[in-house]
J.: 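Take this structure first; my questions come after.
Heavy-atom basis, side chains included; hydrogens, waters and symmetry copies ignored.
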Amino acid sequence: VHFFEADGSPVAPEAHPGWIVWAGRTHWHPEVSPDRLGKPVPEPKFTSHGWTGKDREHWSSNCLGAFALLTGAHWARLELQNEARLYLAGQTVDPRLSTSGAGAPRGAGRTALAATWIYLATGDERLRARIDERVDRVEYPQWDGRGSGPDRVRAFTSAGPDPRQLQGRSVYWNPWQEAIAAVGFGAVHRVTGNPRARELAEGLAANTVRHGWRLDARTAMVALALRWQDGRPLTAADHGDPAAAQWPTSSGFAEWALGACEIARVAAVRDADDGLAARAAAIQQRVRAGRSRPGPDLPERGGLDRLAEWDAVRWQ
């Protein structure tokens, strides 16, 4: 995912406005990326030896960004500068390009979070401007539930049907993914001050806490998929219907979604929404106790604390 001019200098997106990146490489479709950096279409078989770069839905630069900031390592900053170039070439805002869509919620959130780390480590003002442009011109306008009230499901997006979700029977939304989106947009607001990013973060976080978790006296589970009903919430009975609600069999999804619970809790306390604040706190308590997976007898959590990384999350 490192591209160079003939003189050895890094390829700069501003010098190649027709070069569009997907997952760290020149976009596979020549109509999307007419600039192929001198390579034929299709690329030669072994041009990347089967490797690709970070795709939107798995783009994480958290550890690399923290390492660069804590150590000042020159190589780490150079690597993040390259990632900034890839972001500028791939996270587009031109509505004519397929790369200008918001995509899956986890992709929107993880890419936003990665971009904030990259900016903090590099100070690239072009990157900062594009982060805000993506929110203002792509993610915020494409938030499907933006105009709905809290009694409705204010999902970022819906998808499907998909044979992997709800037995392939229904259009659905992904609560665990939307929680990841909320954290990414929260990071954008903290770094750039973008007010639409804050609205996205708080709105998606509150929606996930209200409608995306199953909470009872002992457990709290975030849904893998819930049937989309044009904003109408599911009933408690629907939560037991595998064609309407799909729940995880492991606890990792709950921990991924927990950062959004804190955003929702703090915003609810500020707005005196006692019911939402209490629900968010109850979810946090159950996940902390290790009660975020199904089972008749759930022991209290022991051993490695998988929530240590979230202890540093603060929303204000």
Side-chain angles (χ1 to χ4, degrees), residues 1 3 11-37 39 41 43 52-61 82-119 122 124-147 154-160 171 173-174 177-178 180-189 191-201 203-204:
V1 298
F3 301 94
V11 167
E14 61 270 22
H16 291 266
W19 179 53
I20 307 300
V21 166
W22 184 255
R25 304 280 301 174
T26 303
H27 196 287
W28 57 272
H29 201 296
E31 292 185 10
V32 176
S33 182
D35 187 339
R36 314 300 297 176
L37 301 183
K39 300 288 176 64
V41 180
E43 290 184 346
T52 186
K54 299 176 181 178
D55 67 88
R56 284 180 173 181
E57 296 185 34
H58 304 90
W59 191 338
S60 175
S61 301
N82 187 66
E83 288 202 10
R85 291 189 288 270
L86 296 178
Y87 182 97
L88 290 166
Q91 292 295 95
T92 58
V93 294
D94 184 342
R96 297 172 297 178
L97 297 173
S98 60
T99 46
S100 298
R106 64 174 176 173
R110 284 174 171 159
T111 304
L113 181 59
T116 59
W117 277 106
I118 297 166
Y119 172 72
T122 66
D124 188 328
E125 290 301 325
R126 298 168 304 168
L127 173 62
R128 178 184 174 127
R130 180 63 58 82
I131 293 170
D132 278 338
E133 282 185 304
R134 284 284 301 184
V135 169
D136 294 338
R137 297 172 58 181
V138 177
E139 285 102 359
Y140 187 79
Q142 293 181 21
W143 176 14
D144 288 344
R146 175 162 50 95
R154 304 181 68 208
F156 184 61
T157 190
S158 58
V171 176
W173 67 287
N174 290 112
Q177 288 202 31
E178 302 222 349
I180 290 175
V183 171
F185 294 133
V188 170
H189 171 71
V191 170
T192 76
N194 189 301
R196 291 188 176 94
R198 181 171 198 137
E199 186 179 341
L200 273 162
L204 296 179

J.: Do D35 and L37 touch side chain to side chain, with heavy atoms closer than 4.5 Å?
T.: yes

J.: Can you list everything that forms a ring pair (Phe, Tyr, Trp, His ring centres under 6.0 Å) with Y140? Sequence neighbours excluded, please.
T.: none

J.: Is any side-chain heavy atom of S61 closer than 4.5 Å to one of K54?
T.: yes

J.: Measuring from L113:CG to S60:OG, what's the distance to the nearest 0.5 Å?
T.: 7.0 Å

J.: Between R25 and G53 (side chain of the first, backbone of the second, donor and acceptor by atom type, cut-off under 3.5 Å), is there such a pair?
T.: no

J.: Please report the closest heavy-atom contact between A155 and L204, naming both atoms and the distance.
T.: C-CD2, 4.5 Å

J.: Assess whether side chain to side chain donor-acceptor pair (under 3.5 Å) is satisfied between S100 and D94, documenting all intermediate values.
T.: CA-CA 6 Å; S100 298; D94 184 342; 5.7 Å; no

J.: Test side chain to side chain contact (heavy atoms under 4.5 Å, CB included) on V21 and H27 and set out the steps.
T.: CA-CA 5 Å; V21 166; H27 196 287; over 6 Å; no

J.: Just checking, any donor-acceptor pair under 3.5 angstrom between side chains of E83 and W59?
T.: yes

J.: If you take all heavy atoms of S33 and T26, which pair is closest and at what distance?
T.: OG-CG2, 3.5 Å

J.: Would you check if R85 and V11 make a side-chain contact, meaning some heavy-atom pair closer than 4.5 Å?
T.: no

J.: Any side-chain heavy-atom pair from T111 and Q91 closer than 4.5 angstrom?
T.: yes

J.: Please report the closest heavy-atom contact between I20 and L97, naming both atoms and the distance.
T.: CD1-CD1, 3.8 Å

J.: Does the side chain to side chain contact (heavy atoms under 4.5 Å, CB included) test come out yes or no for D132 and V188, once each step is laid out?
T.: CA-CA 8 Å; D132 278 338; V188 170; 4.2 Å; yes

J.: Test W19 against F3 for side chain to side chain contact (heavy atoms under 4.5 Å, CB included), laying out the working first.
T.: CA-CA 11 Å; W19 179 53; F3 301 94; 3.7 Å; yes

J.: So, for T116 and I131, which heavy atoms are closest and what is the spacing to 0.1 Å?
T.: N-CD1, 4.2 Å

J.: Would you check if the side chain of H16 reaches a backbone N or O of G18 as a donor-acceptor pair within less than 3.5 Å?
T.: no

J.: Mark yes when over 12 heavy atoms from residues, nucleotides or ligands other than E125 sit less than 6.0 Å from its CD; otherwise mark no.
T.: yes

J.: Do D124 and I118 make a side-chain contact, defined as non-hydrogen atoms from C-beta onward lying under 4.5 Å apart?
T.: no

J.: Please report the shortest heavy-atom distance between A23 and T52, naming the atom on each side.
T.: O-OG1, 3.2 Å

J.: Taking R134 first and then E139, would you say they form a salt bridge - that is, a charged N and a carboxylate O separated by under 4.0 Å?
T.: yes

J.: Give a yes or no on whether a salt bridge exists between R137 and E133, defined as a side-chain N under 4.0 angstrom from a carboxylate O.
T.: yes

J.: Does the side chain of T157 come under 3.5 Å of the side chain of Q142 through a donor N or O and an acceptor N or O?
T.: no

J.: Checking side-chain polar atoms at under 3.5 Å, does N194 have a donor or acceptor matched by the opposite partner on H189?
T.: no

J.: Taking the side chain as every heavy atom from C-beta outward, state whether W22 and T99 have any atom pair closer than 4.5 Å.
T.: yes

J.: Closer than 4.0 angstrom, basic N to acidic O: yes or no for E14 and R126?
T.: yes

J.: Any carboxylate oxygen within less than 4.0 angstrom of a Lys/Arg side-chain nitrogen, looking at R106 and E178?
T.: no

J.: Closer than 3.5 angstrom, by distance alone: can the side chain of R196 be matched with the main-chain N or O of D136 as a donor-acceptor pair?
T.: no

J.: Where do W143 and G203 come nearest, in terms of heavy atoms and distance?
T.: CH2-CA, 4.0 Å

J.: Run the numbers on F156 and D144 for side chain to side chain contact (heavy atoms under 4.5 Å, CB included), then give the verdict.
T.: CA-CA 5 Å; F156 184 61; D144 288 344; over 6 Å; no

